[in-house]
Amino acid sequence: MSYDRQHRGGGGYRRRHRDREDYDVQDRRRDYDTPEQILKNTIIKLGEVDPIQEVPRVAKQIQENTSSMLSAVSEGIRVAVTEQPYKIPYYAALLRLLHEPSPPSGDTSATPPSPSLGKQVLEDFWKGFQGYLDKLSWRDVRLCIHFFAHLTVAQVISTESMAALLQSFAAVLDEFGVSYGRGKHAALCAAEGLMIAGAVIQKSLSSNTTEIIAAIQTFSEPIGSSKNLVQPITSLHSQSVVLDHADEVLDSALAVLKSSEASEFADPPGSFPQPYLEYDDLDPAASPPFELPTILVPPEVIELDGLASDASEDVQVKKEEWPEFWFRLFDNSVTPHPSSASGFLIRSNLRDMIDILEVNRKECARLLLEYPKWCVPGTFKPTAGAPPVEDDPSANNWQLESAIIEVVLGYLFFLPESSQKPIFLISLITELCKLSPPTVGPAVGKSIRKLYSSLAEGLDVEVSRRFSEWFAVHMSNFGFQWVWKEWLPDLALPENHPKRSFIRRAVESEMRLSYHDRILKTLPEAMQNDPSVIASRQPGPEAEYEDPSNPHHELSESILSLLRGRSRAEEVIAHLDSLKSTLDVVPYPHTHIDSFIRSLAFQSVLSIGSRSFSHLLNAIERYLPLLRGLTPPGDTEAKRDILTTTSLFWRRNRHMVGIVFDKLMQYQIVDPTDVVAWIFSTLATSDDRGGPLYVQTSEWELLKGALDKANGRVTVARKKVAALRKEHDDSIARAKARGGADAGNMEVDGEMKPLDQDESVTENPQLTTALKAYTSLTREQRNVLAKTVEGFVACLSPAPGDAHQNPHAEAVIQEQAWESRASWSRDEWMTWESWGWYRHFCRAYSPYLRSYMTTLSVVGFSKIEGSTSPAAELMRKTWDVATGQEA
C-alpha cells in the first residue's frame with residue numbers, strides 16, 4: 001500500500017517546525033513584555049544558575065532602572081518570597097545590596113538625600129504584607145516574617161522593630177478564648193522568625209525572646225489530651241504522647257527555641273543559608289535600618305448564618321483545631337532533626353513547597369529534588385556524580401530523598417484529615433520515582449518497610465487504611481512489583497492481626513486497579529493458596545436465586561425476564577403481587593412472604609446493574625418507583641431487607657456494597673439512619689450464637705459513607721437557606737427603597753397612599769420549603785450521629801448481662817495486655833481495631849458532635865450511665881476530648 005504524501009519531512013521536520021514555532025512565540029512574547037514585566041521576571045527567576053553570582057547582577061540591574069519601576073521590583077520580590085520560600089535568604093541579600101546608599105551624582109547640595117532604594121522597596125513590600133495579614137493568609141504572613149528575619153540579621157531592618165513584630169504575634173496567644181488554629185499559626189510565625197533572627201535579638205533584647213518563648217509554652221501546655229487523640233501511634237492504655245514515630249509541630253518549635261535560648265542562640269554557623277553575611281557591615285548613619293510599623297493581628301472572621309438548631313451548636317467546621325503531628329519514619333541522622341533550628345526550618349520549607357506547588361506535581365517533584373542547591377554544602381549527602389565536599393564535622397549529611405518522602409507521607413497520614421488531596425501526594429511520590437529511580441526508589445521501599453513494621457506497634461487504624469491505599473496505587477504505577485516473600489512469615493499470625501489485615505486490604509485495592517488473575521500471579525504461592533489474602537475466584541456478584549439448583553430459580557427468572565425486557569415498573573409490581581399467592585412456605589431466613597419477594601425483586605435489579613456502574617444507575621433510575629414501592633416510608637424492616645440483599649449479592653466484592661449503599665441513599669430509597677442501624681444490627685446478628693460486636697475497616701467505610709451523606713445534605717441545605725434568605729432580605733430592602741422614592745414624588749392634588757408591599761416579598765414559599773427541609777435534614781443528622789454513638793457503646797462497653805458482651809473490650813486497653821500483644825488472638829485484635837475506629841469517629845466528626853453534644857451524650861451514653869468500668873471511662877474521656885469538654 002502506498003500513500004500520496006505531498007511532504008515527506010517526517011518526525012524530524014515536525015519537530016524542527018514545532019521548535020521554530022515555540023521560538024517565534026517566545027520572541028513575540030518578549031516583544032510585548034513591558035520593561036517592568038521583564039524586570040519582575042528577572043527577580044522571580046533569580047538564582048536559576050548560581051544565586052551567589054546573580055544577586056549582585058540583579059541588584060545592579062534594579063539600580064540602573066532607578067525608582068520608576070519600584071512597584072515592579074517590590075511585587076517581584078513579594079511574589080518570589082511567598083511562592084519560592086527556598087530563595088528567601090538570597091532575596092534578603094538582594095535587599096541588603098539595594099539598601100546601601102546610592103553613589104552621589106551631580107550637585108546634591110540643593111536637595112536632601114533620598115532614602116535608599118532598599119528602604120523604598122521595603123515600604124512597598126510592607127503594604128503587601130499588611131494585605132496578607134488582613135486576610136489572615138497565614139502561610140504568606142509566615143514567609144514574609146522569614147524574609148524580615150533574614151533582613152534583620154543583614155542589618156537592613158532594626159532589631160527593635162523586628163522584636164516588636166514577633167511580640168505582636170505572641171500576643172495573639174494571650175487572647176481570651178483564642179482557637180487552637182489561630183494560636184498555632186501565630187505561634188509558628190513568632191517561633192520561626194525567632195529561629196532566624198534570634199541571635200541578633202538576643203544580644204540587645206534578651207527579655208523579648210524569653211517572653212515570646214514563655215507565651216508559646218503557656219499556649220501549648222493545656223492541649224495535652226488532644227495530642228493523645230490525634231497522634232499516629234495509638235496509646236489506649238496511657239494518656240501520654242507517643243513520640244517515637246511522630247513530632248508535634250509546636251512541641252518541636254518549643255524544643256528548638258529552648259535549646260537556642262540555653263546556648264544564647266549560638267547556632268552553628270552555616271546551619272541555613274545567610275549569603276548577606278559575606279557583605280561589609282552597613283553604616284547606620286549612612287544607611288539607617290528600616291523600622292517595621294507596629295501591627296495588630298486582626299481577629300478571626302466568624303461567619304454565623306443563624307441556622308443553629310440548638311443554642312450550643314457551632315456551625316463552623318474547623319478542621320485545624322487539632323494538634324499538628326508529623327509522622328516520622330527515619331532517625332535524626334537520616335532526615336532533618338525537627339528539634340534543631342536547621343532541621344525544623346528545612347522541614348518547614350519542604351512542607352511549604354508542597355503546599356505552594358500543589359497545582360503542578362511535576363514541577364513540585366523537580367524542585368524538591370533540587371532543594372540542596374538552596375542549602376549550604378553538607379546539609380544533604382551529595383548525589384552521585386556531584387563534586388566531593390570537604391569533610392566538615394558539623395555537616396549533617398542528611399538523605400534528601402528520605403526527607404522528601406517522609407514529609408510527603410507526613411501530609412498523607414495527617415490526622416484526622418490530610419490538608420492535601422491524597423491523589424496529589426500519591427502522584428507526587430510517583431513523579432519523584434520517575435525523576436530519580438535509583439535514589440527515590442530505595443527511600444520509598446524503606447518507608448514501606450518501616451510503616452509495615454509499625455503496624456503491630458499501635459499504628460492508628462486510619463493511618464493503616466491510608467497506607468494500604470497508597471501502597472496499592474504505588475504498586476499499580478510500577479507493575480505491581482513488590483517483595484511479598486518478606487512478609488510470608490506473617491501468614492502464621494492471627495487472621496485479624498494488623499499485618500495480615502494490611503496484606504488483605506492491599507491486595508483488594510490492587511485488584512480494583514487491575515484484575516484478579518494478574519494480581520494473583522504477583523503473589524508467592526503461599527499467599528495464592530491463602531483465602532484470607534486473596535480469594536480463588538475473582539470479585540463479582542453472587543446471585544443466589546440465579547443458580548438453576550435453587551428451588552426459587554424460576555421465580556427469579558420470571559422477574560429477570562421482565563427487567564431485561566424493560567417492562568414498566570407497574571407491570572413488575574403487579575407480577576410481584578401475583579407471586580405472593582404461589583408461595584406456601586417462606587424460605588429461611590425471611591420471616592414473611594413480603595420480605596422474601598422484596599429480596600427476590602431487588603436482587604434481580606442488582607443483577608441487571610452488575611455489569612458496570614452505568615448499568616447500575618440505569619437500573620435504579622428506571623425502576624425507582626418499584627424500589628420506593630418496596631421500601632415505603634417508615635418501614636425499617638423493608639429497608640433492612642434491601643441493605644441485607646445488597647451485602648449478600650456483593651459479598652465477594654465489599655467495595656461494591658459501599659457503592660450501592662451510596663446510590664440507595666442518593667436516590668433516597670434508604671436514609672443514612674437506616675444504613676447505620678443496619679450496620680450495627682448486622683454486627684449483632686452475624687453470629688447466630690450471639691458473640692461480641694466488632695467494627696472493622698469494611699464496616700467503618702460504610703459508616704463513613706452514611707455519616708458523610710447526612711452531613712453533606714445538611715451543608716447543602718444550609719447554603720441554600722442562606723442564599724434564599726439573602727435574596728429575600730434584598731427583595732424587602734428594594735421594596736422599601738421603592739416605597740420611599742414613591743413617597744417623595746406626591747402629586748400636589750393627590751393623597752399619599754400607603755406602601756403596598758408585594759406578598760411575594762413578605763412571604764417566600766421557597767424559603768419556607770428550604771427551612772423545612774433543613775430542619776428535617778438536621779434531625780436526620782442528629783439521629784445518624786446518635787445511632788453511631790449507641791453502636792460504638794454496644795461494641796466497646798455494653799451493659800452488664802448484654803448478650804453481646806465483649807470480654808476483650810477492657811482487656812486490650814490495659815498496659816499489661818498491650819505489652820503481651822504478641823499472644824493476642826483474632827478477637828483481641830478485632831477489639832483493638834474497634835477502639836481505633838471509635839477514636840477516629842470522635843476526632844473526625846468532632847465539629848458535628850459538638851453541635852449536638854448534650855443530646856448525643858444523653859442518648860448515646862445512657863446505657864453506661866454511672867458505670868465505672870475502664871472501658872466506659874475511656875469512651876467518655878475520648879468523647880470529652882473530642883467535644884472540647886476536656887482541654
Any salt bridge linking Arg366 with Glu363? Criterion: basic side-chain nitrogen under 4.0 Å from a carboxylate oxygen.
yes
Would you say the side-chain atoms of Glu248 pair up with the backbone N or O of Leu250, donor to acceptor, closer than 3.5 Å?
yes
Value for SG (Cys375) from CG (Asn349), rounded to nearest 0.5 Å, stands at 7.5 Å
pair Phe219-Tyr180: side-chain heavy atoms closer than 4.5 Å
yes
Name all pairs fulfilling the ring pair (Phe, Tyr, Trp, His ring centres under 6.0 Å) condition that reach into residues 343-362, sequence neighbours left out, sorted by first residue then second.
none
Do the side chains of Val440 and Val444 get nearer than 4.5 Å, heavy atoms only?
yes
Are Glu48 and Lys87 close enough for a salt bridge, meaning some N to O gap below 4.0 Å?
yes
Can you confirm whether Trp138 sits close enough to Leu188 that some side-chain heavy atom of one is under 4.5 Å from a side-chain heavy atom of the other?
no
Result of checking Phe272, Phe380, Tyr91, Tyr86 against Trp374 for ring-ring contact (aromatic ring centres under 6.0 Å, His included):
Tyr86
Centres of the Phe125 and Phe148 rings: under 6.0 Å?
yes
Can you pull the salt bridge (charged side-chain N to carboxylate O under 4.0 Å, His left out) pairs that have at least one residue in residues 197-216, sequence neighbours excluded?
none
Shortest non-hydrogen contact from Leu143 to Val81?
O-CG1, 3.7 Å
Per the salt bridge (charged side-chain N to carboxylate O under 4.0 Å, His left out) rule, what does the pair list look like for residues 352-361, sequence neighbours excluded?
Arg142-Asp352, Arg361-Glu431
Which atom pair, heavy atoms only, marks the closest approach of Tyr371 to Leu400?
CB-CD1, 4.5 Å
Do you know the tightest heavy-atom contact between Thr159 and Thr152?
CA-CG2, 4.1 Å
Non-hydrogen side-chain atoms of Glu83 and Leu357 separated by less than 4.5 Å
no
